[in-house]
Amino acid sequence: MTKIQLVTNTVINQGVLPLYYNADETVTLEILRSLYKAGIRAVEYTNRGDAALSNFTKMVEIRNAEMPEMLLGIGTIKNVQQAEEYYTVGADFFISPGFVAEVAEFLISKDLLYSPGCMTPTEIIKAENSGVTFIKLFPGNALGTGFMSAIKDVFPNLKFMPTGGVDTTKESIESWFKAGVSAVGMGSKLVSKELMLAKDYATIENETKKVLEIIQTLK
Ligand SMILES: O=C[C@H](O)COP(=O)(O)O
């Protein structure tokens, strides 16, 4: 199995990709542990602050020591330099808010999954023609389930994951899966700023478990 297949299968099997960023290294690591305890085996950390690279490097260390099967992705990758930096420290997969052809070329040549944000059929076609197989529909809440249903048959070889404003309720999750997505990306509705500020790792774990349970009922 290739690395791209491993990441794809893990994210699809899980059905949800949690994503977060926190400037504090300890909070970052505790959230990683909470997600792992909830059953998460692939997580996205976002490149959205000065501490992102050093925190992610520490996450890789902790992963190697405590949770070797956890796949660590980095999000908000906008150029090849950023992709190279995170490749160097051991990121398992890469996500962007938009499609960047040079990043696709760099990552696919290294057998690393690149999931670019797309919000039009033209962007999806460009991504597909570059070898991308897993599309982040971004922003998911702006596009809606109707967009997903409408494009599904046009792209039978692609997997889709809406991200951005995706809710944790059963109704919301169900509607996305009915529309044809392979997974949903969840940031602030799952790992909220409030829970991070309160260092309420137990609630993050419980909420994540609930989402995983909802997804299991849909399979
Ligand atoms: O790229 C990821 C999104 O910014 C996450 O959005 P969210 O926090 O609304 O889930």
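Whatever order the structure lists them in is the order used to number ligands and atoms, beginning at 1. Remember, it's a predicted structure, so these values are computed and weren't measured experimentally.
- Residue contacts with ligand 1: Gly165 is included, with a non-hydrogen atom under 4.0 Å away.
- A salt bridge links Arg33 and Glu30; the closest N-O separation between the charged side-chain nitrogens and carboxylate oxygens is under 4.0 Å.
- Side-chain N or O atoms of Asp92 include one that pairs as donor or acceptor with a backbone N or O of Leu72 at under 3.5 Å.
- When each of Leu71, Val43, Leu212 is tested with Gln14 by the rule side chain to side chain contact (heavy atoms under 4.5 Å, CB included), just one qualifies, namely Leu212.
- Distance from atom 4 (O) of ligand 1 to its nearest protein heavy atom, with residue and atom name: Arg48 NH2, 3.2 Å.
- A donor-acceptor pair shorter than 3.5 Å cannot be found between the side chains of Gln82 and Tyr87.
- Near Leu19, with a cut-off below 4.0 Å to any heavy atom, the atoms of ligand 1 are 2 (C), 5 (C).
- When only interatomic distances are considered, the shortest N/O to N/O separation between Gly187 and ligand 1 falls below 3.5 Å.
- Each of the atoms 2 (C) of ligand 1 lies under 4.0 Å from some heavy atom of Thr163.
- Every atom of ligand 1 is numbered from 1 in the order shown, and the set under 4.0 Å from a heavy atom of Ser188 is 7 (P), 8 (O), 9 (O), 10 (O).
- Using a 4.0 Å cut-off between a side-chain N of Lys or Arg and a carboxylate O of Asp or Glu, Lys58 and Glu61 qualify as a salt bridge.
- Ligand-side atoms of ligand 1 in range of Phe138: 1 (O), 3 (C), 4 (O), range being under 4.0 angstrom from any heavy atom.
- Taking every non-hydrogen atom of Lys136 and a distance limit under 4.0 Å, the qualifying atoms of ligand 1 come out as 1 (O), 2 (C).
- Contact annotation: Glu44 has no heavy atom less than 4.0 Å from any atom of ligand 1.
- At the top of the distance list for atom 6 (O) of ligand 1, counting protein heavy atoms only, stands Gly164 CA, 3.3 Å.
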